[in-house]
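Presented below is the structure to which this report refers.
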Number of protein chains: 2
Amino acid sequence: MVRPGGRSARVQHAVHTAVRELEAEVGRDALTVPLVAARAGVTPSTIYRRWRDLQQLLSDVAVERLRPDAAPDDRGDLASDLETWAEQFLDEMASPPGRAYIRDALLGDPDGGNAGQCSAYAAEQIGVILARAAERGENTPGIESVIDGVVAPMMYRILFRPGRLDASYARRLVADLLAASGRTGG
Amino acid sequence: MVRPGGRSARVQHAVHTAVRELEAEVGRDALTVPLVAARAGVTPSTIYRRWRDLQQLLSDVAVERLRPDAAPDDRGDLASDLETWAEQFLDEMASPPGRAYIRDALLGDPDGGNAGQCSAYAAEQIGVILARAAERGENTPGIESVIDGVVAPMMYRILFRPGRLDASYARRLVADLLAASGRTGG
DNA sequence: ACTCTAAAGCAAAGACGTAGCTTCTAAGTG
DNA sequence: CACTTAGAAGCTACGTCTTTGCTTTAGAGT
């Protein structure tokens, strides 16, 4: 049973904090479970029991870092909002640390939902943008269309084709998507 | 210096074979470097030196397994060819073993090119399909469009949203892509 | 306040990863 | 065809990490 507010929560917080601190201090590759445990003031076996191994722990921490910290910018119209968001998203995710977090998130238990959480964060942000546009009376595509047409291609390049990315790619994807949904009335 | 045909090649082959055999026998999670080394008849230090760690080795083996073993089916027209290929691709990649191989391939050295190799395999197959269509005089989209419009969305779902996939998704993506490229003369 | 149980601490044994040095083997050379 | 040479594999010892059984703690429910 998870006991929020109790010792478990304190330990989890201490461990996550230790990971973030040590990641910055000694670098990701030098992280080990015993090192994190020492910094967090817990015994290694506690970490092994709760997270199974270092990968799971890093995956959990990575998901936290990929959580958006604010609602997307509101620039007054759908095209600008989506473009701005996509550019920022690409910029963050394609950076070396961003890519490291994505990889870590994917590495966790495949059915543990960490990767799904990342996708949910993006979908949520897009949902906000689309809802605002709909309130303004704009013709909006569905969330799924935006994921398929903008998020997925960017992620694919980040993961499988590093070095083939720049901000104009994000703009082009958004433009193509809006052109298509404009025609079909998506 | 790599010496093809020499001892190095024999060792590499023995190690890869050992990984595949043991993967089937004891399961992926029970694989360890010493175990693989014993089966391959080499010492663990050989593996550590050549592959650095188990992840790199698994990544190499995974890429081999993701290599297409034949040219894509020729059904006589672009739409059918793409649809058939996309369905097969999704089917293979979304299966539990397929997903495991993709994850392993992504896990290798980020700049080592294993992930890029996977993408190149897909691009090559698509290139064959498009070239055949062009020879027939059909109006074809570019390879990049197919990757962005079909491969990327499928991969995104496989990695980030397991459980939201079926063959109709592949068909829909292909249909949408061809409709769009038909309009623009892709 | 008391009970009960999930979670953390502890400690020891075993497995894994690393590194220096030695040996082997095949490619290049005369 | 023998010889040289350098890259790769073998060997070994050491240190670190991981696992596991048992004990202790602390907080949730009554």
Side-chain angles (χ1 to χ4, degrees), chain A residues 1-23 25-62 64 103-104 107-110 112-114, chain B residues 1-23 25-62 64 104 107-110 112 114:
Chain A
M1 184 198 307
V2 173
R3 309 183 179 207
R7 185 161 63 157
S8 299
R10 278 201 308 277
V11 166
Q12 161 154 351
H13 182 257
V15 169
H16 279 211
T17 301
V19 168
R20 280 192 289 267
E21 288 177 2
L22 289 170
E23 225 169 15
E25 287 172 30
V26 304
R28 230 212 87 176
D29 293 345
L31 285 185
T32 66
V33 170
L35 187 67
V36 172
R39 171 65 64 101
V42 302
T43 59
S45 61
T46 296
I47 294 181
Y48 286 120
R49 268 197 252 274
R50 283 190 53 144
W51 283 278
R52 207 162 83 78
D53 56 28
L54 185 62
Q55 265 182 9
Q56 296 295 328
L57 173 55
L58 290 178
S59 178
D60 280 4
V61 174
E64 272 185 6
R103 285 161 50 87
D104 284 342
L107 275 182
D109 181 4
N114 276 350
Chain B
M1 186 199 306
V2 173
R3 308 181 182 209
R7 184 162 62 156
S8 299
R10 279 200 307 277
V11 166
Q12 163 155 349
H13 183 256
V15 169
H16 279 211
T17 301
V19 168
R20 281 191 288 266
E21 287 177 3
L22 289 170
E23 224 169 17
E25 287 172 30
V26 305
R28 230 213 88 178
D29 292 346
L31 285 185
T32 67
V33 170
L35 188 66
V36 172
R39 170 67 63 102
V42 302
T43 59
S45 61
T46 295
I47 293 181
Y48 287 120
R49 266 198 258 275
R50 285 189 51 145
W51 284 277
R52 208 163 87 76
D53 56 27
L54 185 62
Q55 264 180 11
Q56 295 294 329
L57 173 55
L58 291 178
S59 179
D60 279 4
V61 174
E64 271 185 7
D104 284 341
L107 275 184
D109 181 5
N114 277 349

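Residue numbering restarts at 1 for every chain, and letters A, B, ... go by the order of the sequence lines.
- The distance between atom CZ of Arg7(A) and atom C1' of dT25(D), rounded to the nearest whole Å, is 5 Å.
- Atom CG in Asp53(A) sits roughly 8 Å away from atom P in dT19(D) (whole-Å rounding).
- Across all non-hydrogen atoms, the minimal contact from Leu57(B) to Val36(B) is CD2-CG1, 4.2 Å.
- In this structure, CG of Leu35(A) is placed 12 Å from C1' of dT16(D), rounded to the nearest angstrom.
- Rounded to an integer number of Å, the gap from CG of Leu54(B) to C1' of dT18(C) is 16 Å.
- An OP1 or OP2 oxygen of dA8(D) is reached within less than 4.0 angstrom by no side-chain nitrogen or oxygen of Arg49(B).
- For Trp51(A) and dA8(C), the CH2 to P distance is 8 Å, given to the nearest whole Å.
- Here dA8(C) is the nucleotide among dC17(D), dA8(C), dC11(D) with the atom lying nearest to any side-chain atom of Ser8(A).
- Whole-Å rounding puts the Arg50(B) CZ to dA19(C) C1' distance at 19 Å.
- Smallest separation of non-hydrogen atoms from Pro34(A) and Pro44(A): CA-CG, 4.2 Å.
- For residues 26-48 of chain A, every residue pair satisfying the salt bridge (charged side-chain N to carboxylate O under 4.0 Å, His left out) rule, not counting sequence neighbours, is listed here: Glu21(A)-Arg39(A), Glu25(A)-Arg39(A), Arg28(A)-Asp104(A).
- The Pro34(B) side chain lies nearest to dC16(C) when the options are dC16(C), dG9(C), dA8(C).
- Per the geometry, CG belonging to Asp29(B) stands 19 Å off P belonging to dA15(C), to the nearest Å.
- Defined by atom type and a distance below 3.5 Å, a donor-acceptor pair is present between the side-chain atoms of Asn114(B) and Asp60(B).
- Applying the 4.0 Å criterion to OP1 and OP2 of dA8(D), one finds that Arg10(B) has every side-chain N and O outside that range.
- Phosphate contact (OP1/OP2 of dC17(D), side-chain N/O of Thr32(A), threshold under 4.0 Å): present.
- When the side-chain nitrogen and oxygen atoms of Thr46(B) are compared with OP1 and OP2 of dG10(D), one or more of them lie within a distance under 4.0 Å.
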